Peer 1: 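The following block contains the structure, expressed as C-alpha cells.
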Amino acid sequence: MSEGYQFIETGISEQIGMITLNRPHVLNALNRTMIFEILSVMESYDRDDNVRVIVLNGKGRAFAAGADIDEMANASSIDLEMLNQFADWDRLAWIKKPIIGAVHGFALGGAFELALCCDLLLAAEGAEFGFPEVNLGIMPGAGGTQRLTKLVGKTKAMEWLFTGKRISSREALKYGLINQIVAPELLIEETVKLARQIALQPPLSIRLIKESVLKAVDYPLYEGMQFERKNFYLLFSSEDQKEGMKAFQEKRKPDFKGR
Ligand code: CAA
C-alpha cells in the first residue's frame, strides 16, 4: 500500500492501519504533499472494513518538527490564501475511526497540531511538544491556538504560544495532552497494544463514541447530550449490540462484526 506515496509509509496489519511519516532527513517536516498523502490514506482507511484503528507515527529521530519551513519561507499571504492548504487539515476532523498518535523526539508546530488531532497520544520518554511559530514571526494556523486552549485553558496556552517553549512529555501528561509516557524502545509496541485493544471493541460503538466526545468540545452540554442520546439509541439497531448483550448473558466473549 506504500507504493505511490512519496513522504509516508503505510500498511495494514491486524485491523490496524499504520501511517509513518517518512522524511527523516528533515525530521519529517510536513510539506503540503505529505499532508495530502496522510489525509488520502486516512480517508481510505476510514472506508476500509479491514481497518478499525489508525496509528500515526514518525520515522527517524522525531515524530515531526513542524511544517516545512523551506516550503513556506518565501510565500506571500496571497499564495497561502490561494493554496488554502489548511483545508486539507480540516478533513482530519471528519475521520470517523480512532486515531492514535505515537510521538517521539519532537512534535513541534504543525506536527503538534497534527498530534492534537489524534484521539489518543502516546509519547516516548524525552519527547517534546511545542509551538515555536512565534520564533519565526508567525503563529499556528492549523487549529493549534484553538485545540490547545480547549485542552489546557487560556493561561497555559498563552504561556506556551507566547514563549514558543518546548513542553516535556511529563508536562504534556500533567496537562492532559497525552495519555501515556512509555520507554522509547516500547513506543510502537505499546501503541499497537492499545490499538489492538480498541480494535477488539464493537466498531460502531467506537465510531459513535468518538463522534459524541468530539461534539462535547463544540456543543453546549444539553445539545451534546441530545446528540449522545441519539447515538445511544442508534446502536440498538446494530447486530453488535445484540451480540454484546447476548454474550454477557451467556457468559462468553463477544464477537463483534462492525454491523
Ligand atoms: N522545516 C524544514 N526543515 C526542517 C524543519 C522544518 N520545520 N525542522 C528541521 N528541519 C531540517 C533542518 O533544516 C536540518 O536540515 P539540514 O540537515 O539539511 O540542515 C534537519 O531537519 C535536522 O534538523 P536540525 O539540524 O535543526 O536538528 P536539531 O536536532 O539540531 O534540532 C529542532 C531539532 C529543534 C527540531 C530544529 O530542527 C528546529 O527548531 N526545527 C524547526 C521547528 C519549527 O520551528 N517548527 C515550526 C514550523 S512552522 C509550523 O509548523 C507552522 C504551521 O503549522 C503551518
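Everything numeric in this text was worked out from a predicted model, so none of it was measured. Counting starts at 1 for both ligands and their atoms, following the listed order. Basis for what follows: all heavy atoms, side chains included, without hydrogens, waters or symmetry-related copies.
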Peer 1: Can you find a protein heavy atom closer to atom 13 (O) of ligand 1 than 4.0 Å?
Peer 2: no
Peer 1: Under 6.0 Å from the CZ atom of F236, do we count more than 12 heavy atoms belonging to anything else shown?
Peer 2: yes
Peer 1: Testing the 3.5 Å rule here: is there a donor-acceptor pair between the side chains of Q15 and N50?
Peer 2: no
Peer 1: Checking F131 against F112 for the ring-ring contact (aromatic ring centres under 6.0 Å, His included) test, could you report, in this order, the C-alpha distance in whole Å, the side-chain angles of both residues, the deciding distance, and whether it holds?
Peer 2: CA-CA 7 Å; F131 283 123; F112 190 12; 4.5 Å; yes
Peer 1: Do me a favour and list the nearest non-hydrogen protein atom to atom 40 (N) of ligand 1 with residue, atom name and distance?
Peer 2: A65 CB, 4.3 Å
Peer 1: Atom CZ of residue position F232 - does it have more than 12 heavy atoms of other residues, nucleotides or ligands inside 6.0 Å?
Peer 2: no
Peer 1: Any N or O on I69 sitting closer than 3.5 Å to an N or O of ligand 1?
Peer 2: yes
Peer 1: Does ligand 1 have an atom under 4.0 Å from some heavy atom of M72?
Peer 2: yes
Peer 1: Which atoms of ligand 1 sit under 4.0 Å from any heavy atom of A29?
Peer 2: 1 (N), 2 (C), 6 (C)
Peer 1: Do protein heavy atoms approach atom 42 (C) of ligand 1 to less than 4.0 Å?
Peer 2: yes
Peer 1: Please work out whether any backbone atom (N, CA, C, O) or any side-chain heavy atom from C-beta onward of L136 is under 4.0 Å from ligand 1, and answer side chain, backbone, both or neither.
Peer 2: side chain
Peer 1: Does D70 reach ligand 1 with a nitrogen or oxygen that is under 3.5 Å from one of the ligand's nitrogen or oxygen atoms?
Peer 2: no
Peer 1: So, are E43 and R91 salt-bridged, with charged N and O less than 4.0 Å apart?
Peer 2: yes
Peer 1: Going by distance only, is there an N or O of R166 that falls short of 3.5 Å from an N or O of ligand 1?
Peer 2: no
Peer 1: When you measure from atom 21 (O) of ligand 1 to every protein heavy atom, which one gives the shortest distance, and what is it?
Peer 2: V26 CA, 3.2 Å
Peer 1: Exactly one of N28, L114, L187 should register a side chain to side chain contact (heavy atoms under 4.5 Å, CB included) with F63. Which one does?
Peer 2: L114
Peer 1: Quick check: are there more than 12 heavy atoms from other residues, nucleotides or ligands sitting under 6.0 Å from CZ of R170?
Peer 2: no
Peer 1: To the nearest 0.1 Å, how far is atom 23 (O) of ligand 1 from its closest protein heavy atom, and which atom is that?
Peer 2: L27 CD1, 3.7 Å
Peer 1: Among all protein heavy atoms in this structure, tell me which lies nearest to atom 51 (C) of ligand 1, with the distance rounded to 0.1 Å.
Peer 2: E133 OE2, 3.3 Å
Peer 1: Run the numbers for me: atoms of ligand 1, each under 4.0 Å from some heavy atom of H25, listed by number.
Peer 2: 20 (C), 21 (O)
Peer 1: To check your reading of the model: name the closest protein heavy atom to atom 38 (C) of ligand 1, its residue, and the distance in Å.
Peer 2: L108 CD1, 4.9 Å
Peer 1: What I want to find out is whether K257 reaches D255 closely enough, with some N-O distance under 4.0 Å, to be called a salt bridge.
Peer 2: yes
Peer 1: For ligand 1, note which part of F86 has a heavy atom under 4.0 Å away: side chain, backbone, both or neither.
Peer 2: side chain
Peer 1: How about CG on D218, more than 12 heavy atoms from neighbouring residues, nucleotides or ligands closer than 6.0 Å, or not?
Peer 2: yes
Peer 1: Is there a path of hydrophobic side-chain contacts, each under 4.5 Å between heavy atoms of I, L, V, M, F, W or Y residues, that connects L122 with F129?
Peer 2: no
Peer 1: Tell me whether atom 18 (O) of ligand 1 lies less than 4.0 Å from at least one protein heavy-atom position.
Peer 2: no
Peer 1: Going by the atom numbers of ligand 1, which of them fall below 4.0 Å from some non-hydrogen atom of D68?
Peer 2: 1 (N), 2 (C)
Peer 1: Give yes or no for whether the N/O distance cutoff of 3.5 Å, strictly under, is met between P132 and ligand 1.
Peer 2: no
Peer 1: Counting only nitrogen or oxygen atoms and a 3.5 angstrom limit, does G110 reach ligand 1?
Peer 2: yes
Peer 1: Any idea which protein heavy atom is nearest atom 27 (O) of ligand 1, and the distance to it?
Peer 2: R61 NH2, 3.0 Å
Peer 1: Please list, in number order, the atoms of ligand 1 under 4.0 Å from a heavy atom of E113.
Peer 2: 53 (O)
Peer 1: Got more than 12 heavy atoms from elsewhere within 6.0 Å of CD, E81?
Peer 2: no
Peer 1: How about CG on N74, more than 12 heavy atoms from neighbouring residues, nucleotides or ligands closer than 6.0 Å, or not?
Peer 2: no
Peer 1: Linking I/L/V/M/F/W/Y whenever any side-chain heavy atoms sit under 4.5 Å apart, do L27 and M34 land together?
Peer 2: no
Peer 1: Return the residue, atom name and 0.1 Å-rounded distance of the protein heavy atom closest to atom 7 (N) of ligand 1.
Peer 2: A67 O, 2.9 Å
Peer 1: Any protein heavy atom lying closer than 4.0 Å to atom 30 (O) of ligand 1?
Peer 2: no
Peer 1: Between ligand 1 and G109, is the shortest N or O to N or O distance under 3.5 Å?
Peer 2: no
Peer 1: Is it possible for you to say whether F86 and L30 belong to one hydrophobic cluster, with membership spreading through side-chain heavy-atom contacts below 4.5 Å?
Peer 2: yes
Peer 1: Mark whether atom 54 (C) of ligand 1 lies under 4.0 angstrom from at least one protein heavy atom.
Peer 2: yes
Peer 1: Is it true that E171 and Y175 share a donor-acceptor pair across their side chains at a distance under 3.5 Å?
Peer 2: no
